[in-house]
Amino acid sequence: MTPSLASFRRIVVKVGSALLVDQHAGRLKAEWLAGLVADLARHAARGAEIMVVSSGSIALGRTVLKLPRGPLRLEDSQAAAAVGQIALARAWSEALGAHGLSAGQILLTLGDTEERRRYLNARATLARLLALKAVPIVNENDTVATQEIRYGDNDRLAARVASMASADCLVLLSDVDGLYTAPPASDPSATLIPVVERVTPAIEAIAGGAASEFSRGGMKTKIEAARIATGAGVTMLIASGHVENPLSVVEAGGRCTWFLPHESPAQARKRWIAGVLAPRGAIHVDAGAASALNRGRSLLPAGIVRIEGHFSRGDAVIVRAPDGEEVARGLVSYDSGDAERLRGKPSAAIEGILGFKGRPAIIHRDDLVLTGA
């Protein structure tokens with residue numbers, strides 16, 4: 001069964017430079033952006049949470065700085081990004097503001113989605129923006145990236161953001177309207193694949209190269225994004241951005257390709273925490289805390305009786321009941337030293353003990369999975 005955009009509650013939409021910026025004039029396509037934002041606002045009005053991963057800062061900045069066409073040196077790319085990011089953020093803010101929506105800018109590198117401490121910080125910021133009904137506008141931090149500025153197509157970054165934010169749908173707006181059996185530009189007999197149930201080597205072999213000098217991705221990176229997204233329980237969609245109101249076109253039956261996951265984002269995240277990450281220590285809790293965890297609560301410092309091992313914020317740890325049995329695993333919000341200082345104390349005392357207002361839970365329920373019998 002083909003999914004429907006209206007069924008998803010947390011949607012990430014990735015927009016590439018070639019769609020957002022006029023390649024010849026080097027200007028933002030304001031009318032196209034207004035149409036896309038109208039689509040986003042419509043989904044926000046029904047209660048969906050919206051995030052955007054937007055390219056375009058280098059494409060806009062290179063025009064302002066009068067840099068030549070073609071590949072740029074690293075330092076020129078960084079300078080263009082620094083100038084263009086201001087214009088890009090303003091454009092999104094004004095377009096969303098016309099619908100009563102607030103925009104929040106987040107600049108990431110791939111390292112922010114891979115190193116667990118930074119991952120938790122970024123995840124918490126995204127969650128808070130969404131809770132405040134703001135639309136996070138995410139872009140790669142090209143002004144400081146080095147290796148990432150060459151690697152950094154926003155297809156894979158968007159997939160990592162969707163995974164990190166536990167989104168249930170990722171939309172990649174593209175130069176093409178989906179995945180074909182062969183590159184349609186060179187093979188007239190190529191046909192669209194409407195649904196991909198699993199990203200197999202055969203699917204990967206179909207991928208081609210980038211289509212635009214303003215784009216750093218291609219079908220290959222979109223297939224890699226699909227592997228990341230569906231592995232995290234996220235449904236992914238490739239659709240054409242070369243139409244007005246592109247999400248409306250998809251909802252009206254427009255051509256596109258869906259990539260289906262085999263579990264929900266929550267299930268995928270729990271599996272990752274429980275079975276993939278190696279635990280770095282253990283937290284022993286009292287009977288009350290163990291019971292609260294089994295009722296779906298977060299682990300608060302008041303219920304901790306002993307800290308075992310040395311771990312850093314973002315590491316996976318085992319949670320043990322009074323009899324020593326494992327009851328859960330999770331990602332900790334504090335280093336082991338700080339967790340020891342907070343052990344047995346109420347959450348209200350955290351600021352006084354540590355000197356800063358930290359998170360109230362040692363392990364938030366979204367970062368915890370029950371593993372006991």
Side-chain angles (χ1 to χ4, degrees), residues 1-14 43 48-51 53 110 113-114 116 119 123 126-127 130 153-174 176-181 191-207 217 219-239 247 250-251 253-278 296 316 328-331 365-373:
M1 181 177 177
T2 302
S4 166
L5 278 175
S7 67
F8 295 107
R9 306 301 299 177
R10 182 171 288 183
I11 303 172
V12 177
V13 178
K14 179 263 176 179
H43 283 280
E49 296 174 324
I50 305 296
M51 289 170 279
V53 175
L110 287 173
T113 64
E114 292 175 341
R116 284 197 292 277
Y119 168 97
R123 176 178 167 85
L126 285 169
L130 293 174
D153 63 277
N154 274 0
D155 292 327
R156 284 173 288 194
L157 180 60
R160 292 176 183 271
V161 167
S163 171
M164 178 172 61
S166 297
D168 52 4
C169 183
L170 168 62
V171 179
L172 300 185
L173 295 178
S174 174
V176 295
D177 52 13
L179 177 66
Y180 284 75
T181 54
T191 57
L192 181 76
I193 303 173
V195 177
V196 174
E197 295 187 357
R198 187 178 296 275
V199 179
T200 63
I203 292 295
E204 292 177 326
I206 296 174
M219 190 55 67
K220 180 179 180 181
T221 67
K222 289 172 176 55
I223 298 304
E224 291 173 357
R227 180 177 290 281
I228 295 168
T230 57
V234 183
T235 300
M236 196 185 93
L237 166 68
I238 298 176
L247 301 188
V250 168
E251 293 170 277
R255 296 166 67 84
C256 61
T257 299
W258 292 93
F259 294 80
L260 306 183
H262 292 273
E263 55 189 348
S264 71
Q267 290 171 327
R269 180 170 173 76
K270 300 291 188 182
R271 175 176 51 79
W272 175 66
I273 292 173
V276 177
L277 297 178
R329 295 190 180 200
L331 306 182
R365 63 184 181 183
D366 290 344
D367 297 321
L368 185 141
V369 55
L370 297 175
T371 56

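Remember, it's a predicted structure, so these values are computed and weren't measured experimentally. Just so you know, these numbers use all the heavy atoms, side chains as well, and skip hydrogens, waters and symmetry mates.
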Discussion item. Under 3.5 Å, is there a donor on one side chain and an acceptor on the other for Ser166 and Arg123?
Written reply: yes

Worksheet, complete the sentence: Correct closest heavy-atom pair for Leu126 and Met51 would be CD2-SD, 4.1 Å

Worksheet item: Could you state the interatomic distance from CZ (Arg329) to CG (Leu370), rounded to the nearest 0.5 Å?
Response: 12.5 Å

Worksheet entry | Trace of the side-chain contact (heavy atoms from CB on, under 4.5 Å) decision for Leu5 with Val171 | CA-CA 9 Å; Leu5 278 175; Val171 179; 3.9 Å; yes

Discussion item. Does any part of the side chain of Pro3, heavy atoms only, come nearer than 4.5 Å to the side chain of Leu260, both counted from C-beta?
Written reply: yes

Worksheet item: Can you tell me if CD on Glu204 sees more than 12 non-hydrogen neighbours from other groups inside 6.0 Å?
Response: yes

Worksheet item: Any donor-acceptor pair under 3.5 Å linking the side chain of Arg227 with the backbone of Val199?
Response: yes

Practice prompt. Can you measure from OG (Ser4) to CH2 (Trp258) and round to the nearest 0.5 angstrom?
Written response: 7.0 Å

Discussion item. Just verifying a value: how many Å separate Ile228 CD1 and Ile223 CD1, rounded to the nearest 0.5 Å?
Written reply: 11.5 Å

Item to complete: Could you check if a side-chain atom of Leu247 sits within less than 4.5 angstrom of a side-chain atom of Val250, using non-hydrogen atoms only?
Response: no

Worksheet entry | Trace of the side-chain contact (heavy atoms from CB on, under 4.5 Å) decision for Ile206 with Met219 | CA-CA 8 Å; Ile206 296 174; Met219 190 55 67; 5.7 Å; no

Practice prompt. Looking only at non-hydrogen atoms, find the nearest pair between Arg269 and Leu331 and report the distance.
Written response: NH2-CD1, 3.9 Å

Item to complete: Show your working on side-chain contact (heavy atoms from CB on, under 4.5 Å) between Thr2 and Val195 and close with a plain yes or no.
Response: CA-CA 7 Å; Thr2 302; Val195 177; 4.2 Å; yes

Worksheet item: Between His262 (side chain) and Thr230 (backbone), is there a donor-acceptor pair under 3.5 Å?
Response: no

Item to complete: Write down the atom of Thr371, the atom of Ala274, and the distance for their closest heavy-atom approach.
Response: CG2-CB, 4.2 Å

Worksheet item: Given side chains that start at C-beta, do those of Leu192 and Thr257 come closer than 4.5 Å, heavy atoms only?
Response: yes

Worksheet item: Among Lys222, Arg160, Glu224, whose side-chain contact (heavy atoms from CB on, under 4.5 Å) with Asp155 holds?
Response: Lys222

Worksheet item: If you look at every heavy atom in Ala268 and Gly233, which pair is closest and at what distance?
Response: CB-N, 3.8 Å

Worksheet item: Nearest 0.5 Å, what's the SG-CG distance between Cys169 and Leu237?
Response: 6.0 Å

Response to the item:
On a heavy-atom basis, the closest approach of Lys14 and Ala158 is CB-CB, 3.8 Å

Worksheet item: Of the non-hydrogen atoms in Ala167 and Val12, which two are nearest, and what is the gap between them?
Response: CB-CG2, 3.8 Å

Worksheet item: Picking from Thr235, Val234, Ile238, what satisfies side-chain contact (heavy atoms from CB on, under 4.5 Å) with Phe259?
Response: Ile238

Worksheet item: In Å and rounded to the nearest 0.5 Å, what is the CZ to CG distance from Arg9 to Asp168?
Response: 8.5 Å

